[in-house]
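Sequence positions, counted from 1, serve as the residue numbers for this chain.
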Amino acid sequence: MATNGEDNQNQVSRHQEVGHKSLLQSDALYQYILETSVYPKEPEPMKELREVTAKHPWNIMTTSADEGQFLNMLLKLINAKNTMEIGVYTGYSLLATALALPDDGKILAMDINRENYELGLPVIEKAGVAHKIDFREGPALPLLDQLIADEKNHGSYDFIFVDADKDNYINYHKRLIDLVKVGGVIGYDNTLWNGSVVAPPDAPLRKYVRYYRDFVLELNKALAADPRIEICMLPVGDGITLCRRIK
């Protein structure tokens, strides 16, 4: 029969193996946050899309419910209207954004996979916010270069959310800093990367976690050293770093 200590260790092991979006080391505490704060206030379309996404084999890629709630409130607090999202998947964070924006708000959304986006599109359409979204299929860097080539796009975005290929985060930042307005915010997701940013070199990490860890570490150092922004790293979801452009 398992002892309490063994039960606790098993719980921690399950937590780490499942790869929770939350970095909290207690499943019970994370569930308390969801059940007390997130789920009672979660808009019905977001709940529906979350449940649709949970059935997808790559569901670990989705934005967590607590992070969706955070983004939705943040966008309202900063009165965002013109936004961008790089990395859409099925559109949970995109829907959180679209619901927060005014009726004439806009989201330029980019992803290399339209099929995943179309899984969530019926829910987005039913929610009445599809008209706010301009979805572009394909890699983001060429499109960002096109935007930068036109001076009128400089400083035109209130908020930009990045949840895509971690090995290009630095390349995104070099471009996005010109596109976001002074006083605007860029949010980089997964900046604590499953907690691996503090893991010892010989830690038994999944292959994809180990591969991208160095890119995440490089980004975190670059953001901390960038004089054009002030930053706040939050342990929400898998870690999100907010960058407010100051010059």
Worked verdict on Val185 versus Val180 for side-chain contact (heavy atoms from CB on, under 4.5 Å): CA-CA 7 Å; Val185 176; Val180 73; 5.9 Å; no
Intermediate values then yes/no, side-chain contact (heavy atoms from CB on, under 4.5 Å), Tyr211 and Asp167: CA-CA 9 Å; Tyr211 175 78; Asp167 44 345; 4.1 Å; yes
Evaluation steps, side-chain contact (heavy atoms from CB on, under 4.5 Å), between Ile148 and Asn153: CA-CA 6 Å; Ile148 289 171; Asn153 293 317; over 6 Å; no
Full working for side-chain contact (heavy atoms from CB on, under 4.5 Å) between Arg228 and His173: CA-CA 11 Å; Arg228 299 165 296 179; His173 185 69; 4.2 Å; yes
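When every heavy atom of Arg245 is checked against every heavy atom of Asp178, the shortest pair comes out as NH1-O, 3.9 Å. Minimum heavy-atom separation, Tyr172 to Asp165: OH-OD1, 2.5 Å. Between Ile240 and Glu67 the shortest heavy-atom distance is CD1-OE2, 3.6 Å. Residues Ile231 and Ile229 share a closest heavy-atom pair of CG2-CD1, 3.6 Å. Residues Leu99 and Ala127 share a closest heavy-atom pair of CD2-CB, 4.5 Å. When all heavy atoms are compared, the tightest approach of Ala140 to Met110 is CB-SD, 3.5 Å.
A donor-acceptor pair shorter than 3.5 Å cannot be found between the side chains of Tyr188 and Asn220. Judged purely by distance below 3.5 Å, without hydrogens or angles, the side chains of Thr53 and Thr62 never pair a donor atom with an acceptor atom.
Rounding to the nearest 0.5 Å gives a distance of 14.5 Å between CZ of Phe215 and CG of Asn190. For the atom pair NE2 (His131) and CD1 (Ile107), the distance works out to 9.5 Å, reported to the nearest 0.5 Å. With values rounded to the nearest 0.5 angstrom, Thr191 atom OG1 is found 10.5 Å from Leu217 atom CG. Distance check: Asn194 CG to Arg210 CZ gives 12.5 Å after rounding to the nearest 0.5 Å. Summarising the geometry, atom CG belonging to Asp134 is positioned 13.0 Å from atom CD belonging to Glu85; distances are rounded to the nearest 0.5 Å. With rounding to the nearest 0.5 Å, the separation of OH in Tyr39 from CG in Leu34 is 4.0 Å.
Residues Leu143 and Phe135 do not share a hydrophobic cluster, clusters being chains of Ile/Leu/Val/Met/Phe/Trp/Tyr side chains in contact below 4.5 Å. Note: the hydrophobic cluster containing Ile78 also contains Leu71 (ILVMFWY, side chain heavy atoms under 4.5 Å, direct or indirect links). In this structure, Leu141 is a member of the same hydrophobic cluster as Ile170, with clusters built from ILVMFWY side-chain heavy atoms closer than 4.5 Å. By the criterion of side-chain heavy atoms lying less than 4.5 angstrom apart, applied directly or through intervening Ile, Leu, Val, Met, Phe, Trp or Tyr residues, Leu121 is not grouped with Leu119; the two fall into different hydrophobic clusters. Under the 4.5 Å side-chain contact rule for hydrophobic residues, Val198 and Leu192 share a cluster.
With a 4.5 Å cut-off on side-chain heavy atoms, Tyr117 and Leu94 count as touching. In this structure the side chain of Leu74 never reaches within 4.5 angstrom of the side chain of Phe161, judged on heavy atoms. Contact of the Leu144 side chain with the Ile86 side chain is registered, since non-hydrogen atoms from C-beta on lie closer than 4.5 Å. With contacts defined as side-chain heavy-atom distances shorter than 4.5 Å, the pair Asp163/Tyr169 qualifies. Between Leu176 and Met84 the shortest side-chain heavy-atom distance falls below 4.5 Å. Using a 4.5 Å heavy-atom threshold, the side chains of Ile186 and Tyr157 count as separate. Residues Asn72 and Lys76 have side chains in contact (heavy-atom distance under 4.5 Å, counting atoms from C-beta outward). Two residues are said to be in side-chain contact when any heavy atoms from C-beta on lie closer than 4.5 Å; Phe70 and Leu234 meet this criterion.
Around the CD atom of Glu51, the shell of radius 6.0 Å holds more than 12 heavy atoms that belong to other residues, nucleotides or ligands. Around NZ of Lys181, the count of heavy atoms belonging to other residues, nucleotides or ligands within 6.0 Å exceeds 12. Within a 6.0 Å sphere centred on CG of Leu29, other residues, nucleotides and ligands contribute more than 12 heavy atoms.
Ring geometry, Trp193 versus Tyr208: the interplanar angle exceeds 60°, so the pair is classed perpendicular (tilted spans 30 to 60°).
Among Gln69, Lys47, Arg50, the single residue meeting the side chain to side chain donor-acceptor pair (under 3.5 Å) criterion with Glu42 is Arg50.
For Thr97, the side chain to side chain donor-acceptor pair (under 3.5 Å) criterion is met by no residue, not counting sequence neighbours.
Under the 3.5 Å distance criterion, the side-chain polar atoms of Asn82 are matched with a main-chain donor or acceptor of Ser156.
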